[in-house]
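Only one structure is covered here, and it is reproduced in the block below.
Side chains are part of it too, since the values below use all heavy atoms of this structure and drop only hydrogens, waters and symmetry mates.
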Amino acid sequence: MKCPFCGYEESKVIDSRPTDEGERIRRRRECIKCAKRFTTYEIIESVPLIVVKKDKSREQFDRNKLMAGMLRACEKRPVSLNTIEDAINDIESQLQNSLDREVTSEKIGELCMEKLKDIDEVAYVRFASVYRQFRDVSTFVEEVSKLLQDK
């Protein structure tokens with residue numbers, strides 16, 4: 001590890017501890033040449049997840065887009081930000097743990113709707129109305145009927 005002070009490429013690790021629920025490791029290092037101390041973080045390198053959209057174009061998975069959609073669906077509802085973040089963490093975890101490096105936007109939408117159904121039914125219907133592109137009132141009523149039958 002290169003020293004940020006003198007540029008020397010050798011240092012020794014003085015202290016090592018996990019951070020962010022074990023997702024990263026914080027290391028205190030000391031430069032062998034100038035004896036100044038600095039901190040580094042070690043994280044697992046993840047392979048990017050690619051989203052295949054409806055028009056067959058591809059883009060890298062963006063957690064912020066998922067967050068924006070769920071926040072919009074939960075707007076003015078009694079749903080905490082922590083609940084939404086937990087749901088997004090679960091979805092992202094499911095996607096990362098699958099062996100597929102490409103996932104369809106439909107799959108992400110379905111996972112999101114599953115989470116929202118458990119969190120808040122109104123938010124679920126809002127999300128579904130945009131995601132499934134309800135064309136008229138009858139499709140909206142069908143979705144609400146399915147929701148009531150599941151109860």
[atom1] of [X] to [atom2] of [Y]: how many Å apart, nearest 0.5 Å?
X	Y	atom1	atom2	value
Leu111	Ile88	CG	CD1	12.5 Å
Cys112	Phe127	SG	CZ	3.5 Å
Glu114	Asp118	CD	CG	8.0 Å
Leu81	Asp86	CG	CG	9.5 Å
Ile91	Leu66	CD1	CG	5.0 Å
Ser105	Lys54	OG	NZ	6.0 Å

Exercise. So among Arg29, Arg27, Arg26, which one has a salt bridge (Lys or Arg N to Asp or Glu O under 4.0 Å) with Glu42?
Worked result: Arg27
Exercise. Could you go step by step and tell me if Glu59 and Lys65 meet the salt bridge (charged side-chain N to carboxylate O under 4.0 Å, His left out) rule?
Worked result: CA-CA 12 Å; Glu59 66 180 43; Lys65 282 187 176 183; 2.6 Å; yes
Problem set entry | Residue pair Ser57, Asp55: steps toward the side-chain hydrogen bond (donor to acceptor under 3.5 Å, both in side chains) verdict | CA-CA 6 Å; Ser57 66; Asp55 66 357; 2.6 Å; yes
Problem set entry | Residues which pass side chain to side chain donor-acceptor pair (under 3.5 Å) with Glu9, listed by chain and number, not counting sequence neighbours |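 Expected list: none.
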For this session: Just jot down the side chain to side chain donor-acceptor pair (under 3.5 Å) partners of Lys107, sequence neighbours excluded, or say none.
Result: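 By the side chain to side chain donor-acceptor pair (under 3.5 Å) rule, Lys107 matches no residue at all.
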Would you say [X] and [Y] are hydrophobically clustered, going by side-chain heavy atoms of ILVMFWY under 4.5 Å?
X	Y	result
Met113	Leu116	yes
Met67	Ile108	yes
Phe5	Tyr41	no
Leu71	Tyr124	yes

4.5 Å side-chain heavy-atom contact, [X] and [Y]:
X	Y	result
Ser11	Cys3	no
Phe61	Leu95	yes
Ser16	Ile25	yes
Arg101	Gln96	yes
Tyr8	Lys2	no
Lys115	Asp90	yes
Val103	Ile50	no

Exercise. Going through the distances and angles, do Lys33 and Glu10 end up as a salt bridge (charged side-chain N to carboxylate O under 4.0 Å, His left out)?
Worked result: CA-CA 8 Å; Lys33 185 177 179 186; Glu10 289 187 43; over 6 Å; no
Exercise. Taking all non-hydrogen atoms of both residues, which atom of Arg17 and which atom of Asp15 are closest, and how far apart?
Worked result: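 Closest approach of Arg17 to Asp15: NH2-OD2, 3.0 Å.
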Problem set entry | Partners meeting side-chain contact (heavy atoms from CB on, under 4.5 Å) with Arg37 (sequence neighbours left out) |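 Listed in chain order: Ile14, Arg28, Glu30.
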Exercise. Would you call Arg58 and Glu102 a salt bridge, taking side-chain N to carboxylate O under 4.0 Å as the test?
Worked result: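 Answer for the salt bridge query: yes.
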For this session: Determine, for Glu92 against Arg63, whether the closest basic-nitrogen to carboxylate-oxygen distance falls under 4.0 angstrom.
Result: yes
Problem set entry | Whether Asp120 side chain and Ala123 backbone form a donor-acceptor pair below 3.5 Å | yes
